[in-house]
Enquirer: 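Next up is a structure, given as structure tokens.
Residue numbers run from 1 in the order of the sequence given.
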Amino acid sequence: MHPGLLPILAGIASALSAPPIARQEPAPVPAEIHLAGVIYAGSGCPAGSMNWTIASDPAGITMNYTTFTATTGKNIPATEYRKNCQLNVKLKYSSGWQWTVAETDYRGNASIPEGVVGTAKSTYYFSGAEDQMEYSMNIKGPYEGEFLKKDQIDMASSVWSRCGSEALFNINTQVRFLPSNLTETATLSLKSLDKVAFRWKLPKTSSSTQSAPISSSANPSTEPAPTGTLTQPAPSSTSI
């Protein structure tokens, strides 16, 4: 036998004798999830300015904005420097589960001159809870074009719903500019919240970002969303 074949044969024998890799089973998720209501209000999402669609999986919830734009520049009123939208989502699901948001994707566009910074900020919390999750993205000029704001919430920062069968979850999002005394016009717009991924768990079990399909009976509403006490922030920020 050629000496060079010995290492190859040894490697093959080792691979054949290795134990099979165990297949990872999907983490448990609720059998049923129901979107029971969506409420929105704010200077960036006035009545009639939002709509949403729901795909077959929960990451397919897409919220579309039509007027969510902050503007600054010469002769621009101060009320245009900052816009916000308070979004309240009510979920009903199989009893005994807890959930939180694992990841969100926002898409928008910006036209920002040199020396100006635009900020897109999102705060996540459950109604009646004290904790919150807060994530910001700064866009420094000069910048012209589209952007993606991806909030990835780690386990250590997660705020969980109470154990039960329904929960009211709030997302307060804003776009704003600093400084605001500009001669050149700058704009920062959010166009959509096009991904909302959930993380689920049963008490004393591991969590999962998988979920069952969501059904919906929700109709658009612009009544003021309920708010909780915002304390103990878990800040995170990125820049582009």
Side-chain angles (χ1 to χ4, degrees), residues 27 29 33 35 37-42 44-45 49-70 82-91 99-112 117-126 132-140 143-161 167-176 187-200 207-214 216 218 220 225 233-240:
V29 295
I33 307 169
L35 179 62
V38 176
I39 301 172
Y40 65 93
C45 55
S49 67
M50 280 189 67
N51 61 77
W52 63 83
T53 58
I54 301 175
S56 59
D57 67 87
I61 299 178
T62 300
M63 307 287 179
N64 298 301
Y65 306 103
T66 59
T67 61
F68 203 168
T69 302
R82 176 187 177 275
K83 297 291 182 177
N84 86 292
C85 183
Q86 174 84 5
L87 181 68
N88 176 268
V89 178
K90 183 178 182 179
L91 287 185
W99 67 278
T100 187
V101 168
E103 183 177 333
T104 60
D105 285 354
Y106 295 84
R107 297 190 183 274
N109 53 54
S111 177
I112 303 176
V117 178
T119 299
K121 176 183 174 182
S122 301
T123 304
Y124 307 90
Y125 63 98
F126 287 94
Q132 69 176 21
M133 301 171 285
E134 187 176 284
Y135 293 82
S136 297
M137 183 179 73
N138 297 319
I139 305 177
K140 300 178 180 179
Y143 188 92
E144 191 80 32
E146 298 180 343
F147 66 87
L148 170 65
K149 178 180 184 290
K150 181 182 287 290
D151 295 346
Q152 295 178 306
I153 295 128
D154 59 46
M155 288 291 292
S157 301
S158 293
V159 176
W160 293 87
S161 68
L168 294 169
F169 189 71
N170 300 278
I171 304 175
N172 192 308
T173 305
Q174 62 174 280
V175 289
R176 67 175 187 264
T187 60
L188 176 59
S189 301
L190 286 180
K191 297 300 183 182
S192 65
L193 169 55
D194 58 6
K195 178 180 181 181
V196 181
F198 300 137
R199 180 179 288 126
W200 294 90
S207 64
S208 171
T209 55
Q210 300 179 15
S211 187
I214 290 181
S216 172
S236 176
S237 63
T238 57
S239 298
I240 61 174

Enquirer: With a 4.5 Å cut-off on side-chain heavy atoms, are M137 and Y106 touching?
Expert: no

Enquirer: If you look at every heavy atom in I171 and T173, which pair is closest and at what distance?
Expert: CG2-OG1, 3.5 Å

Enquirer: Can you name the residues that form a side-chain hydrogen bond (donor to acceptor under 3.5 Å, both in side chains) with D105, not counting sequence neighbours?
Expert: K150

Enquirer: To the nearest 0.5 Å, what is the distance between OH (Y40) and CG (N88)?
Expert: 13.5 Å

Enquirer: Do you know the tightest heavy-atom contact between W99 and A167?
Expert: NE1-CB, 3.5 Å

Enquirer: Using side-chain heavy atoms (C-beta onward) and a distance below 4.5 Å, is M63 in contact with V38?
Expert: yes

Enquirer: Hey, are the side chains of E134 and Y125 touching, using non-hydrogen atoms and a 4.5 Å cut-off?
Expert: no

Enquirer: Quick one: pull up CD in Q86 and CG in N172 and give me the separation to the nearest 0.5 Å.
Expert: 4.5 Å

Enquirer: Rounded to the nearest 0.5 Å, what separation is found between the CG atom of N109 and the OG1 atom of T69?
Expert: 7.5 Å

Enquirer: Considering only NZ, NE, NH1 and NH2 on the basic side and carboxylate oxygens on the acidic side, decide whether R107 and E146 come within less than 4.0 Å.
Expert: no

Enquirer: Can you measure from CG (D194) to OG1 (T62) and round to the nearest 0.5 angstrom?
Expert: 5.5 Å

Enquirer: Indicate yes or no for a side-chain donor-acceptor contact from R199 to the backbone of I153 under 3.5 Å, with no hydrogens or angles considered.
Expert: yes

Enquirer: Taking side chain as C-beta onward, heavy atoms only, is M50 less than 4.5 Å from C85?
Expert: yes

Enquirer: side-chain contact (heavy atoms from CB on, under 4.5 Å) between L91 and F169: does it pass, once the steps are laid out?
Expert: CA-CA 8 Å; L91 287 185; F169 189 71; over 6 Å; no

Enquirer: Under a 3.5 Å cutoff, is there a donor and acceptor pairing between the side chains of T104 and Y124?
Expert: yes

Enquirer: To the nearest 0.5 angstrom, please state how far the CG atom of N84 sits from the CG atom of L190.
Expert: 11.0 Å

Enquirer: Counting C-beta onward and ignoring hydrogens, is there a side-chain heavy-atom pair between L188 and Y143 closer than 4.5 Å?
Expert: no

Enquirer: Is any side-chain heavy atom of T100 closer than 4.5 Å to one of M133?
Expert: yes

Enquirer: State, yes or no, whether a side-chain contact exists between S122 and K149 at a heavy-atom distance under 4.5 Å.
Expert: yes

Enquirer: Check whether S49 reaches the backbone of T66 with its side chain - one donor and one acceptor, N or O, closer than 3.5 Å.
Expert: no

Enquirer: Quick one: closest heavy-atom pair of L193 and Y65, and the distance?
Expert: N-CE1, 3.8 Å

Enquirer: What heavy-atom pair brings T67 and G44 nearest, and what distance separates the two atoms?
Expert: OG1-O, 3.4 Å

Enquirer: List for me each residue that meets side chain to side chain contact (heavy atoms under 4.5 Å, CB included) alongside S111, sequence neighbours excluded, and say none if there are none.
Expert: E144, T187

Enquirer: Apply side-chain contact (heavy atoms from CB on, under 4.5 Å) to residues V101 and F198 and explain how you reach the verdict.
Expert: CA-CA 5 Å; V101 168; F198 300 137; 4.3 Å; yes

Enquirer: Can you confirm whether the side chains of N64 and S192 place a donor and an acceptor under 3.5 Å from each other?
Expert: no

Enquirer: side-chain contact (heavy atoms from CB on, under 4.5 Å) between V159 and Q132: does it pass, once the steps are laid out?
Expert: CA-CA 7 Å; V159 176; Q132 69 176 21; 5.7 Å; no

